[in-house]
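Reviewing the structure listed below.
These figures come from a predicted structure and were not determined experimentally.
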Amino acid sequence: MSPYRIELARRADAAVLAQMSARHIEAGLKPAWNATRIGWHIRDADSVVLTARAAHALLGFALMRFGEEHAHLNLLAVEPAARRHGIARALLTWLEESALTAGTFTVGLELRAQNAAARAFYAALGYEECGEIPGYYQGVETALRLRRDVRVSREAPGTRHTAP
């Protein structure tokens with residue numbers, strides 16, 4: 001795997017990110033994250049859309065919306081050929097550190113209940129399941145709600161970062 005860099009998404013990335021979302025996140029559903037919606041988040045001051053790039057290839061991306069007390073991870077995808085190289089972890093870590101710096105201490109997300117790989121990924125990063133939402137995905141698929149307190153260090157379970 002060639003080196004990659006994490007950087008903010010550009011407006012011109014919106015269509016490619018929407019295609020990645022349709023293929024890797026929303027597969028089997030009617031895509032809800034089109035280029036217009038992602039483009040809105042790229043421009044929104046309360047959202048961050050990150051990309052992972054190697055040369056000119058987009059390997060992955062993440063979209064998080066920040067609130068005063070809580071941040072919400074809306075999308076996270078990595079191209080299959082680039083998986084298991086730390087890209088998803090790097091994207092999520094960047095966003096969590098930004099949340100912590102901003103004084104937003106919890107990050108939440110929903111994922112498809114049947115997505116065992118995503119469940120294992122988030123569990124390994126300290127996310128805890130805190131609810132289930134039947135029919136969340138277009139009335140046909142259950143979502144699991146996950147949450148993590150970003151003040152709790154991954155390196156030493158139970159330890160807290162010093163809040164700013």
Shortest non-hydrogen contact from H41 toward S47: ND1-OG, 2.8 Å
All side-chain contact (heavy atoms from CB on, under 4.5 Å) counterparts of Q138, not counting sequence neighbours: L29, K30
Check: V152 main-chain N/O paired with R148 side-chain donor or acceptor under 3.5 Å: yes
Rounded distance (nearest 0.5 Å) linking atom CG of L111 with atom CD of E141: 10.0 Å
More than 12 heavy atoms of other groups within 6.0 Å of R11 CZ: no
T51: partners by side-chain hydrogen bond (donor to acceptor under 3.5 Å, both in side chains), with sequence neighbours left out: R53
Main-chain N/O of G67 paired with T104 side-chain donor or acceptor, under 3.5 Å: yes
R145, CZ atom: more than 12 neighbouring heavy atoms under 6.0 Å: no
Distance-minimising heavy-atom pair for R112 and G28: NH2-C, 4.5 Å
Other cluster members, I25 - Ile/Leu/Val/Met/Phe/Trp/Tyr, side-chain contacts below 4.5 Å: V16, L17, M20, W33, I38, I42, V49, L58, F61, L63, L75
Contact check, side chains of N74 and R65, non-hydrogen atoms, under 4.5 Å: yes
E79: side-chain hydrogen bond (donor to acceptor under 3.5 Å, both in side chains) partners, not counting sequence neighbours: R23, H24
Point-to-point distance, once rounded to the nearest 0.5 Å, from CZ of R84 to CZ of R89: 10.5 Å
Residues S21 and E26: side-chain donor-acceptor under 3.5 angstrom: yes
ring-ring contact (aromatic ring centres under 6.0 Å, His included) contacts touching residues 115-148 (sequence neighbours left out): Y122-Y127
Within-4.5 Å side-chain heavy-atom neighbours: L91 and I6: yes
Separation of M64 CE from L73 CG (nearest 0.5 Å): 4.5 Å
R43 atom CZ, neighbour heavy-atom count above 12 within 6.0 Å: yes
Donor-acceptor contact below 3.5 Å, side chain R37 vs main chain A32: yes
Minimum heavy-atom distance A62-L76, with the two atoms named: CB-CD1, 3.6 Å
Test: E129 and R119 ion pair at under 4.0 Å: yes
Closest heavy-atom pair and its distance - P3, A54: O-CB, 3.5 Å
Shortest non-hydrogen separation from A14 to A35 and the atoms involved: CB-O, 3.5 Å
Within 6.0 angstrom of E128 CD, more than 12 heavy atoms from elsewhere: no
Test side-chain hydrogen bond (donor to acceptor under 3.5 Å, both in side chains) applied to T93 - qualifying residues, sequence neighbours left out: R154
Full working for side chain to side chain contact (heavy atoms under 4.5 Å, CB included) between V107 and L95: CA-CA 9 Å; V107 173; L95 291 167; over 6 Å; no
Verify same cluster id: V140, I133 (apolar side-chain graph, 4.5 Å): yes
Separation of N115 CG from L144 CG (nearest 0.5 Å): 9.5 Å
Rounded distance [0.5 Å steps], CG in L50 versus CD1 in I87: 13.0 Å
